[in-house]
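Values reported hereafter were calculated over all heavy atoms of this structure, with side chains retained and with hydrogens, waters and symmetry mates removed. Below, chains carry the letters A, B, ... as their sequence lines are ordered, and counting in each starts from 1.
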Amino acid sequence: MAEVSFKDYASDQEVRWCPGCGDYSILKAVHRALADAGSDPVNTVFVSGIGCSSRLPYYVNTYGFHTIHGRAPAIATGVKLANPALDVWVITGDGDGLSIGGNHLLHALRRNVNLNILLFNNEIYGLTKGQYSPTSRLGTRSPTSPKGSFDQPVTPGVFAVGAGATFIARAVDIDQKGLPGILNAGRVHEGTAFIEILQNCIVYNEDVWELVSSKKTAADSTVHCVHGQPLLFGKDRKRGLRLNTKSLTIEAVTVGEAGVTESDILVHDETNTTLAHLLLSMPAPLPMALGIVHRRPGEAFDTTFRNRKPEGRRALVKDLLRKSNVLDRR
Amino acid sequence: MAEVSFKDYASDQEVRWCPGCGDYSILKAVHRALADAGSDPVNTVFVSGIGCSSRLPYYVNTYGFHTIHGRAPAIATGVKLANPALDVWVITGDGDGLSIGGNHLLHALRRNVNLNILLFNNEIYGLTKGQYSPTSRLGTRSPTSPKGSFDQPVTPGVFAVGAGATFIARAVDIDQKGLPGILNAGRVHEGTAFIEILQNCIVYNEDVWELVSSKKTAADSTVHCVHGQPLLFGKDRKRGLRLNTKSLTIEAVTVGEAGVTESDILVHDETNTTLAHLLLSMPAPLPMALGIVHRRPGEAFDTTFRNRKPEGRRALVKDLLRKSNVLDRR
Amino acid sequence: MNSKELWQKTSHVVRFAGDSGDGIQLQGAQFTNASALSGHDLATFPDFPAEIRAPAGTRFGVSAFQIQFGGDRITTPGDAPDVLVALNPAALVVNLSRLTSGALVIVDESAFTEQRLRRADLNSNPLDDGSLADYQVCRVDIAHHTLEAVKPFGLGTKDSQRCKNFWALGLILWMFDQPREPTADWIRKRFGKDEALVAGNLAALNAGHAYGETAELGAILSQHNIPQAPLLAVEYRTITGGEALALGLIAAGELADTEMMFCSYPITPASSILHHLAGLEDAGMTTFQAEDEIAAICSAIGASFAGKLGITSSSGPGIALKTEALGLAVAAELPLIVVNSQRAGPSTGMPTKTEQSDLYQAVYGRNADTPLPVIASRSPGDCFDTAIEAVRISLRHMTPVILLTDGYIANASELWPLPDFDSYLPIPTARPDPNASGPKRVFARNPATQARVWAAPGDVDYVYRVGGIEKDIDTGNISYESDNHQQMTDMRSRKVTSVADFIPDQILEQGSERGLAVVAWGSTYGAVFQAVKEALREGYAVAQIHLRYINPLPKNLGALLAQYERVLVPELNTGQLATLLRDKLLIDCVQHNQVNGQPFAVEDVKQAIYANASKRMKEVGNG
Amino acid sequence: MNSKELWQKTSHVVRFAGDSGDGIQLQGAQFTNASALSGHDLATFPDFPAEIRAPAGTRFGVSAFQIQFGGDRITTPGDAPDVLVALNPAALVVNLSRLTSGALVIVDESAFTEQRLRRADLNSNPLDDGSLADYQVCRVDIAHHTLEAVKPFGLGTKDSQRCKNFWALGLILWMFDQPREPTADWIRKRFGKDEALVAGNLAALNAGHAYGETAELGAILSQHNIPQAPLLAVEYRTITGGEALALGLIAAGELADTEMMFCSYPITPASSILHHLAGLEDAGMTTFQAEDEIAAICSAIGASFAGKLGITSSSGPGIALKTEALGLAVAAELPLIVVNSQRAGPSTGMPTKTEQSDLYQAVYGRNADTPLPVIASRSPGDCFDTAIEAVRISLRHMTPVILLTDGYIANASELWPLPDFDSYLPIPTARPDPNASGPKRVFARNPATQARVWAAPGDVDYVYRVGGIEKDIDTGNISYESDNHQQMTDMRSRKVTSVADFIPDQILEQGSERGLAVVAWGSTYGAVFQAVKEALREGYAVAQIHLRYINPLPKNLGALLAQYERVLVPELNTGQLATLLRDKLLIDCVQHNQVNGQPFAVEDVKQAIYANASKRMKEVGNG
Ligand SMILES: Cc1ncc(C[n+]2csc(CCOP(=O)(O)OP(=O)(O)O)c2C)c(N)n1
Ligand SMILES: Cc1ncc(C[n+]2csc(CCOP(=O)(O)OP(=O)(O)O)c2C)c(N)n1
Ligand code: SF4
Ligand code: SF4
Ligand SMILES: [Mg+2]
Ligand SMILES: [Mg+2]
């Protein structure tokens, strides 16, 4: 199926997100990615949990399983282990994946099951009407935190590093140019791909990503990580990241100022987990790291998982039945 | 209670671990730590899940709650939030804490609840007779992995870094000299203290920690992290860790050889999370990092949690009942 | 019925319908408030879509609010609306079938454009194609009138259009001669800072009202004076089940002089309770949003172990996740309140729809022999008293208690007589008695309740260890002794059956001492009450028995039911209470089950009564 | 009874007891094997401590193995041992009370030292203080004899002492004239590489045997020839419930021509099934050790969605965690096998002890109306057939099925006639029929079974999406339609009730057509069989009815039970099947409940029969 349009991957179901929800653009990027890859819907499965984000599978013209809250990675693991030939995507949210589902996400990542996990992070529980989530920033006011939340949030990417993930990316919902490519990079990665998508919930957490998604501010508040390239950012790409080897921290510098030359700038190495930890945990005002922050080769769980078409099973069953001393009274 | 002996903290219950189990020495260290701190048993609570390790609370003469599998951090969070004045310890294992209990551990760590969490890592499910666990090394043969396990293991300390833990330590079960001090450091830490204890299951995973615990090999295969001190190790402490700033990795070098001087050796900074990630993820043959690998200040969840003795509640209840337009038919 | 009959009724059913974005729920809430202040009894039914903000104009996106109010005792939002206010075509078509014949339909003409008709999958305009033949139709260009009214205050178009709901509200308030002031106050509070919004919305409200007065719509749109309801000489307020439950828990804390910790994880329709409680630390109630339902119940159990009363709340799927930990609370003999706001299932099911299908789960849904008390709320206001009762039982017997409510009463509101709080009896607890002499044994049990001592860390007398492994009945130490396990099993069932020694006898809500007994529980109270009341009026030998105590059942229930020739059990499930009655009382019963996500219509229950009851002899004679 | 009576019995009960470290379970397994090969019927009961390796010499650390074997049909390990082999004081004292009077007690004298008596909390030596007055005591210095026997082979003391169990085994094998060869083979296999160990253990085995032959212990220790059991002319083997269940699942995969994925998380006593299956990928069974029970059932559901049959297995507390996901499997109409090896609860309870207390959980233990079929295994060997039956039902109706077994049959073994596998009917599935014409609708259901099409990713004809939200009964798309939810609810219950159309009528195991019916289920089969058999012999009007199908019940059960004056329901719980019988059949029944972690003793069931049955007239006449 060479000549496919992204429209061919839309299902016949009416999309039911709020007007203006970031999920619409992510859905479009998913359709694009599938089209770009010429994916075969017949051998593609979208598995999701529960949440606004988790409704996505209904809108993709492949096999789809909208399951229960937080369990998508576990169910997807079963799908993949049962039939490793399938292209299995997981759609989850910050609540679904990191609140109730944290354990399954951890184990999918450490096992390195060949799944493409998309976590829509809107820093809120959308479907249940706007309670703060484990990624909500300190002080987030919500129906369950009227005086502002005081739970330290978890940083999805940093958590993924801790879980031993072999592919970690971060992208913005409206980035129609970049997102499809990242989704496909995750798709072809051997092992679990973890892709955090910064998504705007316009009803309950509007513009929480303003800084990184608005034309005006994006250039200065984000840095795009490209393997082998210096970590430069800013409108004129004069700003860059430098490693302070004494304090083992990252600092933002300006090339050409204070004797800083391009050679001082960190060159991105996507295979280094420590760099991934550094980049993914950069606090503002340092720019937010986007793109494929981490990717390293590793054996996928489902390839080592012994999956055999049984042959001569009937004989084998009969053998097993006799695996023990037998008293013959015939 | 100044003059207390560690024996005063033993309960009247007969200890029922296998002869030679590493849990015995950990229990002793716990008794010691409590005695050293002159802890008040009346205001101390040990909460555990299920597993051989989780039997420990029965053997400590304080309040104790032996709960259900994997949930100790959640139950302990409830105990602590209900009464922040209590000194709350959590006892868990690699299966209890990182297999079924991974999610609660993650959230306790990120919230930074003031708990002292001891994870007994014997890299096996002891109580259920020896199945491999999420920390078992690749290729571990067990009743459920007869051909050797092929799940990538999770590294407890690295996971803790990813979860945003503010205190991470690693110790060896038989280290009666060092362990009590580390336990008390965790006890007094503001926020969640995560202490991984390398424990020997003599029945199902004997000597998996041989290298780091035997007199012969320990010096060369472990490095003790002390804040502000160079990371030296080896019998004559001539070996040391150096940061390769290009590859952002750690390498072991020998002071005095190849022009290496003590000044090249990394000085431990317990407040740096990136260094914690580096040290806790060092692969063999690099030495295993022991001691207080990470400790940074941070507000504990239970101190921000608004916990008020109700005053004039009756009047308040009556107000709340009337918080709405009232039709007066009297 | 014709217009005359329609307006003769002493109570009316009004349904507001429009887009999720139209502020329909607000409209309903304000009208409810006004009705209450006019001295009408009332019951409401918010009926919103599953989607957060469904696309405008679609049928599935229609949000509705129904209220029955008036001069009688009102216990349901009504089977069929007498008045429908429809702000767009979709809102009209999806609600038409519900209306009483001859109902008044008020529509916003301006919304019936080509494009919006298509959005509602309509090929022709119902205003013209005769589909409204059976109704009195009042076409008003609400949008236009609203814009006119707010023009002076220079609001943007969006904000101006947003005032539509207040214009319509003003009109209906006029129709039933109800006060605007409470709404005006609300508008001022809500938009306080923004003067233009305040002025605009007030103007819309008043314009709608004025329109009713001035427009010459004669018969079609006339003002009706609804008699006041036969109320008691007390104070009343309107309250939803969610609010009442939250208030009841807080009140119980005061009655038990106990601090409480409410640990929950959001889920529809249970979240509202957590929302109501969040921020009420000063009332001795701390709230904790856990990472999942398991952590929620576990932290609540931890709180109870530490001496605060732990409470957790969820809906069916979340309760399922809590069942393992519930076993621990039973084994450790700790107090714990578990609130289940039931919703339609199985699995995710229909989260915004109501159902009574978690009774099996509550009574039988645990591994091993793990009995615990179960009670249920019958109406929004009743949630206040059942919450207190749940706490009373839990602390009296040192056991977890499940309180069943559902999505319907969680969101619905009713007129509620303010309780005389000082008349409530204090709730005793099993806390250690510092003055008690003799040995301090934490597992010494009260022979009447099987409650063990509720000692907590910090208490120097009771330093103890407990767990989920079977424990020695006296010392609490681990015990694998076979006799001990038998004794503990017996003690655990005695603990729950002993609850029946403390609860009141089952009463007869209304009706005869023989004939047909209609036995129900939970939120069907209102519909069953109305149905039985009408059947009685019609001369049927029928009685209403409504259960608050599900497990254990009141001791006299068996004898009470034995008086009747037949027992009818209407439920919003496949027959779960019926199972319980057969199991515990071995009585046969006729089931009447509806599992469609909707509350019972009074009419359905009546039909079931007709099919199973007979007229009283004398009645027949008289007739 | 006196020695003479004792040895006249045609079957005997022997109990081996010692420290966890003494290899008692191995001893028992070897003896079991020898008995089987000697043509004896048998039933065993391994009775080990909760601790992995309890401290030596303690009472709680005693590990025991009991076997009944002989010439009759044997269905239980026996109420009271005729022979006790005690390797230390603790092993003696904790087992004394179980013995038949006049039983033979063989003790290792050397173990009765001051210090080890103290370890067993004994102030005096039971060998001398008369506590063995009622028994025939045979004191042998087993340790000494063993060391003598193995000396030639230069084993260390530890290894030498470890041979003790084989010496004792040799002696008992001699007593009952049973073959040593199988054990000798096992020793050679086990210690193959280590020649000294092989030689040493063989020497001990033979020495024990020789001791019996040569030692002049006369009456006390004589050889007894046990008659062969009345067996069929087929092949037999011994098998535990865990093994049989694993084999049954694999066999079912072959019969259904389906690959399977067994997803589980370890838990006592369920783990053994996973252990038996691990590594059998070649048999079409892949195993996955998940991170917890929820992940286990979820990955199994994922496998079923992907076209393999997902299976998950746990015990009560783990099953509790699976209930939410079970609802998803019901809603998505996927096949799934859930095996519950029941253990004593509530909560952690007594993991190594047996119980039947998860029937409520299996039948009623889910939120919403979420029915599913439940069946139960009656004995170790029966696990093979019930596993196949569970798969058959699951694939026929496209529904999850719960299979109940328990800790007792999981570990116990019996003599099992090898099934003639080729005689088993193939298991049809609802997989798409590629040749079928007409529209390919995945939710087109078989009217007889309500099975939808089991289409899986990779199938070009059925690309579809499904979830836990209520779905349109035809298209499978999300639907909040009230009528549709009612139809789906009805379809789901019809799906489960339709199972009864395919299962055999309930049969009478044994006994009369009137009088007392003893109705039981699961692992109590053996004890009830024996009790009813003996009561019948004694002339009581009693019958045994044993249920394999718990939900739905066989259609004829109601009519069958109606024949009897009384129904007795013995269960290892507080009366859970009794509840089901009242609920489904509205029949009254007498409960006989034991909840102490132990299987029924035949005698207890008999007493319950005596209390509820009457002698047949003619018998009384004759008597
Ligand atoms: C077991 C269970 N618990 C809770 C819920 C209620 N619930 C549904 S979605 C959700 C959170 C969704 O948040 P997120 O994953 O961030 O998705 P979003 O709606 O923000 O895209 C919750 C708490 C549920 N459906 N099931
Ligand atoms: C809900 C539940 N699932 C499973 C089990 C069985 N179980 C008990 S302990 C354990 C694992 C213990 O491993 P770990 O935490 O490492 O403790 P260890 O015995 O090794 O000290 C398991 C699987 C249980 N008791 N409860
Ligand atoms: S609530 Fe938020 S996340 Fe959900 S659909 Fe609406 S905008 Fe999107
Ligand atoms: S099994 Fe292992 S961990 Fe458990 S008590 Fe024995 S030695 Fe210790
Ligand atoms: Mg979200
Ligand atoms: Mg372990």
Side-chain angles (χ1 to χ4, degrees), chain B residues 13-21 23-24 48-55 65-71 94-105 122 124-136 140-151 154 201-205, chain D residues 19-21 25 48-61 119 121 242 262-282 286-296 313-318 320-321 343 345-349 351-352 411:
Chain B
Q13 296 299 295
E14 176 165 20
V15 184
R16 295 189 174 189
W17 288 309
C18 304
C21 173
D23 292 348
Y24 283 99
S48 66
I50 299 289
C52 296
S53 33
S54 291
R55 290 296 181 93
F65 199 2
H66 177 239
T67 68
I68 47 178
H69 197 32
R71 317 305 173 185
D94 46 311
D96 189 64
L98 282 169
S99 194
I100 192 171
N103 203 38
H104 310 303
L105 187 54
N122 55 13
I124 210 79
Y125 295 160
L127 190 64
T128 46
K129 308 201 168 193
Q131 302 86 358
Y132 75 102
S133 94
T135 60
S136 298
T140 299
R141 285 178 188 275
S142 80
T144 53
S145 54
K147 305 188 174 79
S149 64
F150 47 85
D151 297 34
V154 61
C201 169
I202 166 169
V203 173
Y204 296 114
N205 217 14
Chain D
D19 274 331
S20 323
Q25 300 306 323
F48 35 74
E51 288 68 27
I52 298 298
R53 240 183 233 176
T58 59
R59 291 183 179 213
F60 67 81
R119 201 85 185 80
D121 309 321
F262 188 91
C263 309
S264 187
Y265 182 69
I267 185 169
T268 306
S271 310
S272 63
I273 303 170
L274 176 58
H275 298 176
H276 286 300
L277 290 173
L280 293 183
E281 296 86 359
D282 299 348
T286 49
T287 59
F288 173 59
Q289 178 176 305
E291 58 268 27
D292 60 26
E293 285 84 356
I294 297 175
S313 160
S314 189
S315 188
L321 290 167
R343 67 187 215 185
S347 195
T348 306
T352 55
N411 297 322

message: What part of B:Pro146 gets within 4.5 angstrom of chain D, counting heavy atoms only: side chain, backbone, both, or neither?
response: side chain

message: Can you tell me which portion of B:Tyr132 sits under 4.5 Å from chain D's heavy atoms? Options are side chain, backbone, both or neither.
response: both

- prompt: Are B:Thr144 and D:His275 close enough that some pair of their side-chain heavy atoms sits under 4.5 Å apart?
  reply: yes

message: Is D:Leu277 close to chain B through its backbone or its side chain, or both, or neither, when contacts mean heavy atoms under 4.5 Å?
response: neither

Step-by-step side-chain contact (heavy atoms from CB on, under 4.5 Å) determination, D:Ser271 to B:Gln131: CA-CA 9 Å; D:Ser271 310; B:Gln131 302 86 358; 3.8 Å; yes

message: If I compare all heavy atoms of D:Tyr265 with all of B:Ser99, which pair ends up nearest, and what's the gap?
response: CE1-OG, 3.5 Å

- prompt: Can you tell me how far CD of D:Gln289 sits from OG of B:Ser136, rounded to the nearest 0.5 angstrom?
  reply: 8.0 Å

- request: Determine the minimum heavy-atom distance between D:Thr348 and B:Thr67, stating which atoms define it.
  value: OG1-O, 4.0 Å

query: In this structure, are over 12 heavy atoms from other groups packed under 6.0 Å from B:Arg16 atom CZ?
result: yes

query: Does B:His69 reach the side chain of D:Pro317, with side-chain heavy atoms less than 4.5 Å apart?
result: no

task: Please step through side-chain contact (heavy atoms from CB on, under 4.5 Å) for the pair B:Glu14 and D:Thr58, ending with a clear verdict.
output: CA-CA 11 Å; B:Glu14 176 165 20; D:Thr58 59; 3.9 Å; yes

- request: Mind checking the CD1-OG1 spacing from D:Ile52 to B:Thr128? Nearest 0.5 Å is all I need.
  value: 7.5 Å

